[in-house]
Amino acid sequence: MKNTLINKMKPAIAISGLLFFILAGCNNKTSQTSATHPKTDTVIIDQMKFVPAEITISKGDTVLFINRDIVAHNATEVSNSWASPTLNSGDSWSLVPEKDADYFCSIHIVMKGKILIK
């Protein structure tokens, strides 16, 4: 009786295994495709710091600045090629940088950050 049951289950086991490999292959292709699309990287402003202070992004990615501090800040590229407006607590601002950039808060000049594009 055991052999008969096992023989009857073999096709179902084989089909299950085949479906597993097909679905696993589909999921793998999806993750490879999504990895090439631009994404958003976040810089949190908190306790008078940009966190992370240095961020490496891919070309075409967006950098989102979110102010979670209790005072207003901004993000200003050192040669003034771009600058955010004043960001009050809870405000956010984003940009798609075209090149590496050093930046600072022009309200609190001790706050500094860097964006690197790979």
Short side-chain to backbone donor-acceptor contact, Thr76 and Ala83, under 3.5 Å: no

Close side-chain approach of Pro85 and Trp93, heavy atoms under 4.5 Å: yes

Asp91: side chain to side chain contact (heavy atoms under 4.5 Å, CB included) partners, not counting sequence neighbours: Leu87, Asn88

Hydrophobic cluster identity match, Leu64 and Ile44, side-chain contacts under 4.5 Å: yes

Check: Trp82 and Leu95 side chains under 4.5 Å, non-hydrogen atoms: yes

Partner residues of Lys39 under the side chain to side chain contact (heavy atoms under 4.5 Å, CB included) criterion, sequence neighbours left out: Asp41, Asp61

Side-chain H-bond candidate by donor/acceptor type, Thr86 with Asn74, under 3.5 Å: no

Asn67 side chain vs Gly90 backbone, donor-acceptor pair below 3.5 Å: no

Aromatic ring proximity Phe104/Phe50, centre distance under 6.0 Å: no

Distance-only donor-acceptor check, side chains Glu77 and Ser79, under 3.5 Å: yes

Separation between OG of Ser84 and NE2 of His73, rounded to the nearest 0.5 Å: 10.5 Å

Partner of Lys114 by side-chain contact (heavy atoms from CB on, under 4.5 Å), out of Asp100, Asp102, Val78, Ile55: Asp102

Side-chain heavy atoms of Glu54 within contact of Leu116, under 4.5 Å: yes

Single-linkage hydrophobic cluster, 4.5 Å side-chain cutoff, Val51 and Ile45 together: no

Hphob cluster co-occupancy, Phe65 + Ile70, side-chain heavy atoms under 4.5 angstrom: yes

Rounded distance (nearest 0.5 Å) linking atom OG of Ser81 with atom CD of Glu98: 8.5 Å

CA sep, side-chain torsions, deciding dist, call: Arg68, Gln47, side chain to side chain contact (heavy atoms under 4.5 Å, CB included): CA-CA 8 Å; Arg68 292 209 178 127; Gln47 298 183 1; over 6 Å; no

Considering all heavy atoms, the nearest Lys112-Ala53 contact: O-CB, 4.2 Å

side-chain contact (heavy atoms from CB on, under 4.5 Å) partner of Val43, chosen from Val63, Ile115, Ile66: Val63

Minimum side-chain heavy-atom gap Ser94-Thr40 below 4.5 Å: no

pair Met111-Lys49: side-chain heavy atoms closer than 4.5 Å: no

Smallest separation among heavy atoms of Gly60 and Pro38, with atom names: O-CB, 3.3 Å

